[in-house]
Amino acid sequence: VQQSFDQPLPSESFTIAIAIESLSYSRHLESTLANIVKALQPGGFFIVVDDVIHPDYEVSETDSSYRPSLLPHSSWMAAFGAVNCNVSIARDLSLEYEVLPHLDLSLLQQDPAAIWGVLPLTFGVLWEMLMARLGNVASQRLLELQDERAELVGMWKRRQAAFKNADLYYHMYVCVK
């Protein structure tokens, strides 16, 4: 089920709920968590993977306007506790892998279109590339996709810098209802 954060979910309907890189955008984290936990069957799992900030990190006005729940680990744990979601696993994944170790970002500074060579191509992207040969609309969409990819690379660069500065962490929480 994919929907708005705060639309009510049917009670005890799911055995597992997964939220990847999304809950930091919730305007009301505790009510969002309560809604999801309510929808879990007893013994159900709730897996969250999201950015977590260092306790001393000062969230910029820009970050707080579009990611109001970009919070430190202690706040996430308190929010899970407030909705009676028992955290069985809390791991900082940023310590377990290097961010995009296969991606040479200097390559992209020289040629932003090089992103096509380093990111995996989905069927949809391959289809767009095929359509680009057949018409202007598809060609325009391909250019838009290239711009979107370049924007993602910029985000990854900022994220990589934040990981290196230890301002940003990448946590996984597994809760059991």
Side-chain angles (χ1 to χ4, degrees), residues 1-97 99-100 119-128 141 144-145 147-160 162-163 166-177:
V1 174
Q2 191 174 13
Q3 65 182 45
S4 167
F5 286 119
D6 299 315
Q7 283 181 300
L9 293 167
S11 294
E12 298 186 353
S13 299
F14 302 99
T15 55
I16 189 167
I18 302 171
I20 300 174
E21 297 181 3
S22 57
L23 294 181
S24 61
Y25 294 92
S26 171
R27 298 255 174 243
H28 311 284
L29 183 61
E30 272 188 34
S31 64
T32 299
L33 292 176
N35 186 29
I36 295 169
V37 170
K38 178 188 74 130
L40 288 175
Q41 296 170 354
F45 290 92
F46 180 26
I47 301 170
V48 176
V49 178
D50 218 319
D51 290 326
V52 174
I53 59 170
H54 186 277
D56 298 330
Y57 180 73
E58 291 188 31
V59 179
S60 72
E61 211 173 295
T62 305
D63 277 345
S64 65
S65 68
Y66 79 98
R67 290 181 77 183
S69 293
L70 187 56
L71 302 168
H73 172 70
S74 58
S75 297
W76 279 93
M77 293 300 289
F80 287 123
V83 300
N84 297 319
C85 194
N86 303 314
V87 176
S88 61
I89 298 174
R91 293 179 76 158
D92 182 358
L93 300 178
S94 63
L95 300 175
E96 297 181 21
Y97 69 94
V99 181
L100 297 176
L119 288 180
L121 295 177
T122 63
F123 177 78
V125 172
L126 291 171
W127 180 254
E128 290 286 340
R141 180 63 183 134
E144 290 170 6
L145 286 171
D147 289 344
E148 289 171 19
R149 294 269 191 276
E151 191 175 311
L152 281 174
V153 168
M155 181 188 71
W156 287 330
K157 283 177 166 179
R158 291 188 297 279
R159 194 173 194 179
Q160 190 173 37
F163 283 148
D167 291 333
L168 186 65
Y169 308 103
Y170 194 61
H171 277 235
M172 175 179 68
Y173 301 99
V174 177
C175 298
V176 182
K177 180 176 180 183

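Bear in mind that the values here come from a model prediction, so they are computed numbers and not experimental data.
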Got a donor-acceptor contact below 3.5 angstrom from the Ser88 side chain to the Val174 backbone?
yes

What residues, two or more places apart in sequence or in another chain, satisfy side-chain contact (heavy atoms from CB on, under 4.5 Å) together with Thr32?
Phe5, Asp6, Leu23, Ser26, Ile36

Judged by atom type as modelled, is there a donor-acceptor pair below 3.5 Å linking the side chain of Asp50 to the main-chain atoms of Ser24?
yes

Closest non-hydrogen atom pair between Asn35 and Pro8, with its separation
OD1-CA, 3.6 Å

Under 30°, 30 to 60°, or over 60°: which ring-plane class applies to Tyr173 and His73, parallel, tilted or perpendicular?
parallel

How close do Val87 and Cys175 get, counting heavy atoms only, and between which atoms?
CG2-SG, 3.7 Å

Minimum-distance pair of heavy atoms, taken over all atoms of Val49 and Met172:
CG2-CG, 3.9 Å

Donor-acceptor check, side chain of Lys177 to backbone of Val37, threshold 3.5 angstrom: yes or no?
yes

Interatomic distance, CD1@Ile18 vs CD1@Ile16, rounded to 0.5 Å, equals 4.5 Å

Could you pull out the closest heavy-atom pair between Arg27 and Pro68, with the gap in Å?
NH1-CG, 3.3 Å

With rounding to the nearest 0.5 Å, note down the distance linking CG in Leu40 to OG1 in Thr15.
8.5 Å

Quick one: does Val48's side chain get under 4.5 Å of Trp76's, heavy atoms only?
yes

Are Tyr170 and Val52 packed together at the side-chain level, in the sense that at least one heavy-atom pair is separated by less than 4.5 angstrom?
no

My understanding is that only residues two or more places apart in sequence, or in another chain, count here; which of them pass side-chain contact (heavy atoms from CB on, under 4.5 Å) with Ala79?
Leu29, Glu30, Leu33

My understanding is that only residues two or more places apart in sequence, or in another chain, count here; which of them pass ring-ring contact (aromatic ring centres under 6.0 Å, His included) with His28?
none

Measuring from atom CG of Leu70 to atom OG of Ser75, what distance do you get when rounded to the nearest 0.5 angstrom?
10.5 Å

